[in-house]
Amino acid sequence: MSERLYIFDTTLRDGEQSPGASMTRDEKIRIARQLEKLGVDIIEAGFAAASPGDAESIHAIAEAIKESTICSLARANERDIRAAGEAIKPAARGRIHTFIATSPIHMEKKLRMQPDQVVEAAVAAVKLARQYTDDVEFSAEDALRSEPDFLCRIFDAVIQAGARTINVPDTVGYAVPHLTTEFFRKLIEGTPNSDQVIWSAHCHNDLGMAVANSLAAVMAGARQVECTINGLGERAGNAALEEIVMAVRTRCDVFDLETRIDTTQIVPASKLISSITGYPVQPNKAVVGANAFAHESGIHQDGVLKHRETYEIMSAESVGWSQNKLTLGKLSGRNAFRTRLQELGILPEGEEALNAAFARFKELADKKREIFDEDLRALLGDSGPDAAERYRLISLKVVSETGEQPTANLVMGAQGEEHRVVAHGAGPVDAVFKAIESVAQSGADLLLYSVNAVTAGTDSQAEVTVRLSLDDMVVNGQGADIDVLVASTEAYISALNRLTTEAGRAHPQA
């Protein structure tokens, strides 16, 4: 019987720290349900003390999820621990994940604490967390730049205080694999009662080695890996869940470990995260990239046709890729539509939301002869009910002619009033965005404009992502339509509506 490797997903916490990747409460619940369907052992649902909205989202996820452990992050102080404890109360299985920095540079420059004080704070935090749950995880922030002897001391103290999981994070992505293996072995051998806890790795990708370092830790005895879907995360991101899981599964001769992950749910999870956050997956991304199972070379094509395993170490179907097939058409009914959305794991909450999605589906079916699963995912990928609809598109006409300056004629709703504007631009998209801004006058900076074709063919929907920045807020907006200019307009308006929502949350009396 192989040993168990626990998968700890932090997409909803560490992943959300990516610029513009903030998610609404309903979006977080959708993601948590997909992670549960995927078979994730622990879902880090957020940082309860960060904001009332974060605490509310964790509480809602704890109520909705039954199979996965729901975890909240907390600094090693009373306020954070109590906020986390209250947030996870409804969970069938709840965990508090408390942390404090342990590297010399962090203790001196950030915490301004002596090592004895750091140990004392860590022990107090674990003991307080145990008042809310028996499942307490302790993390030594910046562990890979910490002194091993000090880590063994603090780990011994928190294990005695009741910690059941010890996490050793490479917070700044500084580690390299062979040294990571040595480091974990030294810690596990040097910490009293190390066999009484699960050792965990949490690696960042600043040098492109997050997955390699995570697997190196596993080789040394770590039995929990902290990761995110698509490697989403702060700076260069975190270790990618899909890569770790498939590496362990494909190279079972090396790792001899099992996870409870249903790998056929990997691609649906990847697409859901990409759609909600607006972070596209690069085509050559391992496991979930569009080209991951594509073969251009004639030699490779010939080999695969003769025997798949000549050039494929895993099958596309094993991770959830499937051939695009016609699922629904313009004559399909509401029940068939609901059933297919449920099968894809993207069924919206409530009848009103379902009716709105069905109406959009019918509009698309009138324009596009074949409706694929990817079309449905794009259709359901907009901002959802949590975003205030301050602005909306009523109609759009764009004129673009060789040698002439493009012109956008826009009719747009803003706070219940209809505005008609004409704007010129360097290109048709520039003209459209200038028309929108002449009404909204948001003052936001455009950080990203991205267009992806949802399916093959000239009648494919365009899925557009727009990222806007205003003051300290960064938001994404998405739009999907056969007409790329309409999709672009919807994406920009979606982002503006999100800015309005975020500003309202930040300044509720404004």
Side-chain angles (χ1 to χ4, degrees), residues 8-17 22-25 28-29 32 41-66 68-102 106-107 110-143 154-167 169 171 197-198 200 202 224 226 234 505-506 508:
F8 178 113
D9 183 276
T10 184
T11 304
L12 293 173
R13 199 277 300 171
D14 209 332
E16 194 187 23
Q17 292 175 204
S22 60
M23 310 163 203
T24 67
R25 173 182 171 276
K28 288 182 178 182
I29 292 172
D41 296 292
I42 303 100
I43 299 172
E44 189 165 55
F47 193 164
S51 70
D54 237 30
E56 181 188 344
S57 294
I58 297 167
H59 195 274
I61 290 168
E63 288 179 324
I65 302 303
K66 305 304 177 190
S68 303
T69 296
I70 303 304
C71 173
S72 174
L73 187 67
R75 289 165 297 190
N77 64 57
E78 182 177 355
R79 175 181 171 272
D80 279 28
I81 300 290
R82 294 201 183 281
E86 293 300 321
I88 65 167
K89 262 189 178 178
R93 285 179 293 278
R95 173 181 295 191
I96 293 176
H97 178 193
T98 186
F99 73 96
I100 193 167
T102 55
H106 275 238
M107 289 191 290
K110 185 181 77 171
L111 298 180
R112 294 191 169 94
M113 294 170 68
Q114 295 299 314
D116 288 351
Q117 294 175 300
V118 171
V119 174
E120 184 181 341
V123 168
V126 170
K127 286 182 176 178
L128 180 58
R130 283 294 300 261
Q131 294 180 17
Y132 291 92
T133 175
D134 290 338
D135 191 352
V136 177
E137 175 173 341
F138 173 77
S139 281
E141 186 185 7
D142 203 22
I154 197 169
F155 289 157
D156 178 28
V158 296
I159 290 170
Q160 291 186 54
R164 288 172 53 179
T165 302
I166 299 296
N167 185 40
T171 304
V197 295
I198 293 173
S200 176
H202 178 120
Q224 176 180 287
E226 306 194 0
E234 217 166 1
R505 287 172 179 163

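Computation of the quantities below employed the complete heavy-atom set of this structure, encompassing side-chain atoms and omitting hydrogens, waters and symmetry-equivalent molecules. A quick note: this is a predicted structure, and the numbers were derived from the prediction, not measured.
At a cut-off of 3.5 Å, with distance as the only test, no side-chain donor of Asp135 or Thr133 sits close to an acceptor on the other residue. In summary, the side chains of Glu137 and Thr165 do not present any donor paired with an acceptor at a separation below 3.5 Å, with no hydrogens or angles considered.
Every residue two or more places apart in sequence or in another chain was checked for a side-chain hydrogen bond (donor to acceptor under 3.5 Å, both in side chains) with Thr98, and none qualifies. Considering only residues two or more places apart in sequence or on other chains, Gln131 meets the side-chain contact (heavy atoms from CB on, under 4.5 Å) condition with Arg82, Leu128. Among residues two or more places apart in sequence or in another chain, the side-chain hydrogen bond (donor to acceptor under 3.5 Å, both in side chains) test is passed with Glu44 by Thr10, Arg13, His97. Judged as a side-chain hydrogen bond (donor to acceptor under 3.5 Å, both in side chains), and not counting sequence neighbours, Glu63 has no contacts. For the salt bridge (Lys or Arg N to Asp or Glu O under 4.0 Å) test, no residue two or more places apart in sequence or in another chain qualifies with Asp14.
Here the closest non-hydrogen pair linking Arg79 and Ala49 is NH2-O, 3.1 Å. Minimum interatomic distance between Asp80 and Asn77 (heavy atoms only, all atoms of both residues): N-OD1, 2.8 Å. Heavy-atom minimum distance, Asn167 versus Phe155: O-CZ, 4.3 Å. Here the closest heavy-atom approach between residue Ile81 and residue Tyr132 is recorded as O-CE1, 4.3 Å. Taking all atoms of both residues into account, the shortest heavy-atom contact from Ala74 to Ile96 is CB-CG2, 4.4 Å. Scanning all heavy atoms of the two residues, the minimum distance from Ala55 to Ala87 falls at O-CB, 4.0 Å.
The shortest side-chain heavy-atom distance between Phe138 and Ile159 does not fall under the 4.5 Å cut-off. Inter-residue side-chain proximity for Pro169 and Phe99 is flagged as unmet; no heavy-atom pair is nearer than 4.5 Å.
Note that the CD1 atom of Ile166 and the CG atom of Asp156 stand 9.5 Å from one another [nearest 0.5 Å]. Atom OG1 of Thr24 is separated from atom CD1 of Ile29 by 8.5 Å, given to the nearest 0.5 angstrom. With rounding to the nearest 0.5 Å, the separation of CD1 in Ile43 from NZ in Lys28 is 13.0 Å. The NE2 atom of His202 sits 11.0 Å away from the CD atom of Gln224 when rounded to the nearest 0.5 Å. Rounding to the nearest 0.5 angstrom, the gap separating the CD atom in Glu234 from the CD atom in Gln17 is 4.5 Å. How far CD1 of Ile100 is from NE2 of His106: 12.0 Å, rounded to the nearest 0.5 Å.
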Stepwise, does the side chain to side chain contact (heavy atoms under 4.5 Å, CB included) test hold for Arg95 with Arg93?
CA-CA 7 Å; Arg95 173 181 295 191; Arg93 285 179 293 278; over 6 Å; no

Side chain to side chain contact (heavy atoms under 4.5 Å, CB included) between Glu16 and Asp54, intermediate numbers included:
CA-CA 11 Å; Glu16 194 187 23; Asp54 237 30; 4.0 Å; yes

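Pairs of residues two or more places apart, or lying in two chains, that qualify as salt bridge (charged side-chain N to carboxylate O under 4.0 Å, His left out) and include a residue from residues 120-130 are Arg130-Asp134.
The backbone N or O of Asp142 sits less than 3.5 Å from a side-chain atom of Thr171, completing a donor-acceptor pair.
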